[in-house]
Colleague: 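Take a look at the following structure, please.
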Amino acid sequence: MVSEKLNVESAKADANMLEYQENWNVDAEVELMELQLAEADKIKPWLSIEIKFSKPEYFTWLLVVFASMGGLLSGLDQSLISGANIYMPEDLNLDSNQSSLVDSAMPLGAVGGALLLSPVNEWVGRRNAIMVACFLYTVGAALEAGAISFPMMMVGRLILGAGLGLEGGTVPVYVAECVTSNLRGRLVSLYQFNIALGEVLGYAVAAIFIDVKAGWRYILGSSLVFSTIMWIGLVYLPESPRFLMHKGKTVEAYSIWKRIRDINQMEAKLEFFSMKRSAEEERIEESRAKGRLAWLDFFTVPRCRRAIVYANIMIFLGQFTGVNAILYYMSVLMNQIGFSKTNSVFMSLVGGGALLIGTIPALLWVDKTGRRFWAIVTLPGFFIGLLLVGFSYLVPVENLPAAEGVYITGLILYMGFFGSYACLTWVIPAEVYPTYLRSYGMTTSDAMLFLCAFVVTYNFTRMMEAMSRIGLTVGFYGGIAVLGWFYQILFMPETKDKTLEEIDIVFSQPTGELVRQNLHNSLETMKDLAHFRFRKVAFGEESEKKEEGPEQA
C-alpha cells in the first residue's frame, strides 16, 4: 500500500511539473481526446472483434497470454525435430550432411523471417505481423508432415523458420508496448516461459508418436493445431497503441489505451501523453532528416548505437553457449550417452522440463530484482552445467549409470539457468530501442538470434568432431559464458521500473559513465555479500526502505 501511494504521489508530482514546464493540463488533454474519440468514426482494424472487460488489466492479461502463445509455437517447433530425428533421416534417406541441413534450416529460415520483420511491422502493424507468422507456421508444418524428399522437407523447414523469425521479433515488442513498466519484464518473460513450455510439449508429442509407424510425420505436423488456435485468438486482440501513435493515429491509440489501462489513474494519463509527446518529437526529427535512412541512426547516434550493441551481445551470449545445438540434438546426445532410442526421447523431457522450471524464477522476480541481477547470477550456472555435461563423456563406458547421472545433472543445471537467462534475451531487445527504430532494432536482434542458432546448430557435429565433446562444451561454450559474465558486470545497464521513454535517458549517458557506475555497484555488492546482506543484493536498497516504511508508519 505504501508503494502504491508513493507511485500515485510521484505521478501527480510529475504531472504538475509537466504542466508547469509545458503549460498544458493533463485532465484537459484527456477531455479533448474524449471529444475527438466521440466525433471520430469508429475504426475497426482488419479482422478485429472488440471485446471489453470490467477491469482493463484483465484485457491486458488476455492480450499477453494469446500473444505469448507465439512462444509456445516457437518452442514446440524447435523441440519436435529432436524426436523426429530418431527415424526421419532414415525414412527420407538423408545422409549426415542433409540431416544437419534439415535441422538447421529452421533457424536459417528464421533469419529471412527476421529480415521481413521491419517492413511487415511498418506496413501492417504488430498484431497483423503475428497473424502472418501464424500462416507461415501452418504452411511450413503441413509441408514437413507431408514431405517425401529432402527438398520438400527443406522448403517446409525454411517456411516454418520464416514464421518463427517474424513472430519471435514481433511478440516481445507487442507485449512491451502494451503493458505497464512495473510488469513489462515479467510479462515479456512469459514469452520465454511459453517457449520452454512448448519445448516440453514438443518432447511429449514426440514421446507419444515415437513408436507409431511414420510417427515423425505426426510429430512435425502437430504444430498446425496450435498455430490455428493462435490465429483465431489474435482476431480478438487490438493493435499496439504505441505503434498507432508512431503512425500518427492518436485517437485510435487512445481508444485502445482505454481498453488496456485505467484512464482514471494519473499514471495512465501521464504515460499516454508522455508517449504522445515522444512520438511527436520523433516525427519532427524524422521530418528534419527526410530523405535519410532512419536506420543509419544506429551508426551515427550514440544512444541508438549503444542499444543495438548491447541487445545483440546479450543475444550472442545466449546462443553461443550452445543451447539450440543441445535442444535440437538432445535425443541424439541422449542416445550417444547410452540411452536407447525410445528412452532418449523420453529423457529429453528432463532437459525441457528443467528449461521450463528455470523460467519461473525470472517470470516472478525479474521486475523486482532487475535485469543485471539475473544476468550476472545465471551465466556461472551455465558454466557449471556445461562442465558436468562435458566431463560425463570422460566417465568409462563400463560405468554407464554414473555417466548418465552426471550428464543428466549437468543438463538440468544448464537448462535451468538458461531458462532464466533466456527471458532477458527477449525482454532487453524489446525495451531498449527508441520507438521509431524499434522495428529496425528488433530486425537486427531477431536476425542475430537465429543466425547464431543456425551457425551453432549446423556446425555442431563438425565442431564436436574437431574439438571433442568436452572441448566443445567446456572449452568453447563454457569459455564464452565466462567472458560474457565479465562483460555484463561492466557494461550492462539496469532498466527495471522504467517506461520505454525513460530508457532513452539510460542509453543517452556515455559508456564510460555506465562502466564507472557498474564498477561502483559491483564493489558495493561484494561488500554486501561479505556481510551476508543477500536480500539487499537481490532486491536493492529500495526494498529495504519499503519494508521500513510501514514499520515507521
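The first residue in the sequence is number 1, and the count goes up from there. All values below were derived from every heavy atom in this structure, side-chain atoms included, with hydrogens, water molecules and symmetry-related copies excluded.
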Colleague: Glu90 side chain to Tyr87 main-chain N or O, any donor-acceptor pair under 3.5 Å?
Modeller: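 Pair absent, no side-chain N/O of Glu90 close to backbone of Tyr87.
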Colleague: Tell me whether Lys496 contacts the main-chain N or O of Lys368 through its side chain, where contact means a donor paired with an acceptor under 3.5 Å.
Modeller: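 Yes, because the side chain of Lys496 sits within donor-acceptor range (under 3.5 Å) of the backbone of Lys368.
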Colleague: Using 0.5 Å steps for rounding, measure from the CD1 atom of Ile229 to the CG atom of Leu234.
Modeller: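 So the gap between those two atoms works out to 12.0 Å.
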Colleague: Can you see whether Tyr421 engages Thr321 through a side-chain donor-acceptor pair at a distance of less than 3.5 angstrom?
Modeller: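 Checked: Tyr421/Thr321 side chains show no N/O donor-acceptor pair below 3.5 Å.
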Colleague: Establish, yes or no, whether a centroid distance under 6.0 Å links the rings of Phe418 and Phe382.
Modeller: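 Judged by ring-centre distance (under 6.0 Å), Phe418 and Phe382 do meet the cut-off.
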Colleague: Ignoring hydrogens, what is the shortest heavy-atom contact between Val200 and Leu356? Give both atom names and the distance.
Modeller: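 Looking at all heavy atoms of both residues, the shortest contact is CG2-CB, 4.0 Å.
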Colleague: Nearest 0.5 Å please: distance from the CG atom of Leu158 over to the CG atom of Leu101.
Modeller: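 Spacing of CG (Leu158) from CG (Leu101) equals 9.5 Å.
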Colleague: Taking the side chain as everything from C-beta on, heavy atoms only, tell me whether Ile208 gets closer than 4.5 Å to Tyr218.
Modeller: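 Heavy-atom side-chain distance check fails, nothing below 4.5 Å.
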Colleague: Side chains of Thr359 and Leu363: closer than 4.5 Å at any heavy-atom pair?
Modeller: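 A side-chain contact under 4.5 Å is absent here.
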Colleague: For Met467, does the CE atom sit with more than 12 other heavy atoms under 6.0 Å from it, leaving out its own atoms?
Modeller: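 Correct, the count exceeds 12.
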Colleague: Let me see the working for Glu465 and Arg462 under salt bridge (charged side-chain N to carboxylate O under 4.0 Å, His left out), right down to the final yes or no.
Modeller: CA-CA 5 Å; Glu465 291 171 353; Arg462 295 171 180 80; over 6 Å; no
Colleague: Got Met492 and Ile428 here, is their nearest side-chain heavy-atom distance under 4.5 Å?
Modeller: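 Yes. Closest side-chain heavy atoms under 4.5 Å.
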Colleague: Could you pull out the closest heavy-atom pair between Gly146 and Met152, with the gap in Å?
Modeller: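 Closest pair (atom of Gly146, atom of Met152, distance): O-CE, 3.4 Å.
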Colleague: Would you say Phe150 and Leu94 make side-chain contact, with heavy atoms under 4.5 Å?
Modeller: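 Yes, their side chains come closer than 4.5 Å.
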Colleague: Would you check if Asp77 and Leu164 make a side-chain contact, meaning some heavy-atom pair closer than 4.5 Å?
Modeller: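 The answer is no; the side chains never approach within 4.5 Å.
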Colleague: Are the side chain of Arg305 and the backbone of Phe298 linked by a donor-acceptor contact shorter than 3.5 Å?
Modeller: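 Not a single qualifying donor-acceptor pair exists.
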Colleague: Mind checking whether Tyr310 and Phe507 have side chains closer than 4.5 Å, heavy atoms only?
Modeller: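 Counting from C-beta outward, Tyr310 and Phe507 do come under 4.5 Å.
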Colleague: With a 3.5 Å distance limit and no angle check, can you tell me whether Arg372 reaches the backbone of Glu494 through a side-chain donor-acceptor pair?
Modeller: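 The answer is no, because no donor-acceptor pair under 3.5 Å joins these two groups.
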Colleague: Hey, does the side chain of Thr443 reach the backbone of Ser118 with a donor-acceptor pair shorter than 3.5 angstrom?
Modeller: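 Yes, because the side chain of Thr443 sits within donor-acceptor range (under 3.5 Å) of the backbone of Ser118.
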Colleague: Do you know the tightest heavy-atom contact between Val102 and Met153?
Modeller: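 Answer, listing the atom of Val102 first, then Met153: CG1-CG, 3.8 Å.
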Colleague: For the atom pair CG (Asp103) and CG (Asn85), what is the distance rounded to the nearest 0.5 Å?
Modeller: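 Answer for the CG-CG pair, Asp103 versus Asn85, is 4.0 Å.
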Colleague: Are any non-hydrogen side-chain atoms of Glu167 and Cys134 less than 4.5 angstrom apart?
Modeller: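 No, every pair of side-chain atoms sits at 4.5 Å or beyond.
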Colleague: Please name the pair of heavy atoms, one in Ala114 and one in Ala447, separated by the smallest distance, quoted to 0.1 Å.
Modeller: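 So the minimum-distance heavy-atom pair works out to CB-N, 3.2 Å.
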Colleague: Are side-chain heavy atoms of Met448 and Gln319 found at a separation under 4.5 Å?
Modeller: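 No, every pair of side-chain atoms sits at 4.5 Å or beyond.
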Colleague: Between the side chain of Thr170 and the main-chain N/O of Arg126, is any donor-acceptor distance below 3.5 Å?
Modeller: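 No, the answer is negative, given that no donor and acceptor are paired below the 3.5 Å cut-off.
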Colleague: I'd like to know if the side chain of Ser392 reaches the main chain of Val389, judged simply by a donor and an acceptor atom lying under 3.5 Å from each other, with no hydrogens or angles considered.
Modeller: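 Flag set: sc Ser392 to bb Val389 pair under 3.5 Å.
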Colleague: Go through Ser223 and Leu73 one step at a time and tell me if the side chain to side chain contact (heavy atoms under 4.5 Å, CB included) criterion holds.
Modeller: CA-CA 7 Å; Ser223 67; Leu73 272 170; 4.3 Å; yes
Colleague: Check whether more than 12 heavy atoms from other residues, nucleotides or ligands sit under 6.0 Å from atom CZ of Phe135, and answer yes or no.
Modeller: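 It does not: Phe135 CZ has 12 such atoms or fewer within range.
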Colleague: Taking side chain to side chain donor-acceptor pair (under 3.5 Å) as the test, write out the residues that go with Tyr440, two or more places apart.
Modeller: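 Tyr440 satisfies side chain to side chain donor-acceptor pair (under 3.5 Å) with no other residue.
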Colleague: To the nearest 0.5 Å, tell me how far Phe417 CZ sits from Leu413 CG.
Modeller: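 Between Phe417 CZ and Leu413 CG, I get 6.5 Å after rounding to 0.5 Å.
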Colleague: What's the spacing between Glu199 CD and Leu80 CG if we round to 0.5 Å?
Modeller: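 Interatomic distance, Glu199 CD to Leu80 CG, rounded to 0.5 Å: 10.0 Å.
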Colleague: Got more than 12 heavy atoms from elsewhere within 6.0 Å of OH, Tyr487?
Modeller: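 Counting other residues, nucleotides and ligands, OH of Tyr487 exceeds 12 neighbours.
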Colleague: Which is it for Leu490 and Asn518 under the side chain to side chain contact (heavy atoms under 4.5 Å, CB included) test, yes or no, and what are the steps along the way?
Modeller: CA-CA 6 Å; Leu490 292 173; Asn518 285 341; 5.7 Å; no
Colleague: Any side-chain to backbone donor/acceptor pair from Asn194 onto Leu197? Under 3.5 Å, distance only.
Modeller: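 Not at all, since once roles are kept as given, no pair shorter than 3.5 Å links the two residues.
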Colleague: Show your reasoning for whether side chain to side chain contact (heavy atoms under 4.5 Å, CB included) applies to Ser222 and Phe209.
Modeller: CA-CA 10 Å; Ser222 62; Phe209 291 106; 5.5 Å; no
Colleague: As an exercise, state the distance from CD of Gln98 to CG of Asn93, rounded to the nearest 0.5 Å.
Modeller: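 So the gap between those two atoms works out to 9.0 Å.
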Colleague: Taking side chain to side chain contact (heavy atoms under 4.5 Å, CB included) as the definition, give me every residue that meets it alongside Leu483, ordered by chain and number, with sequence neighbours left out.
Modeller: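 By the side chain to side chain contact (heavy atoms under 4.5 Å, CB included) rule, Leu483 matches no residue at all.
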Colleague: What are the two closest non-hydrogen atoms of Tyr458 and Asn97, and how far apart are they?
Modeller: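 Distance-wise, the nearest heavy atoms are OH-OD1, 3.4 Å.
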Colleague: Which heavy atom of Val506 sits nearest a heavy atom of Pro493, and at what distance?
Modeller: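 Shortest heavy-atom contact: CG1-CB, 3.9 Å.
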Colleague: Given Arg438 and Asn121, is the side chain to side chain contact (heavy atoms under 4.5 Å, CB included) satisfied, shown in steps?
Modeller: CA-CA 10 Å; Arg438 194 162 290 135; Asn121 269 260; over 6 Å; no
Colleague: Between Glu524 and Lys527, is the closest basic N to carboxylate O distance under 4.0 Å?
Modeller: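 Salt bridge flag = yes for Glu524 with Lys527.
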Colleague: Return yes when atom CG of Leu394 has more than 12 non-hydrogen atoms of other residues, nucleotides or ligands closer than 6.0 Å, and no otherwise.
Modeller: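 Atom CG in Leu394 is crowded, with more than 12 foreign heavy atoms closer than 6.0 Å.
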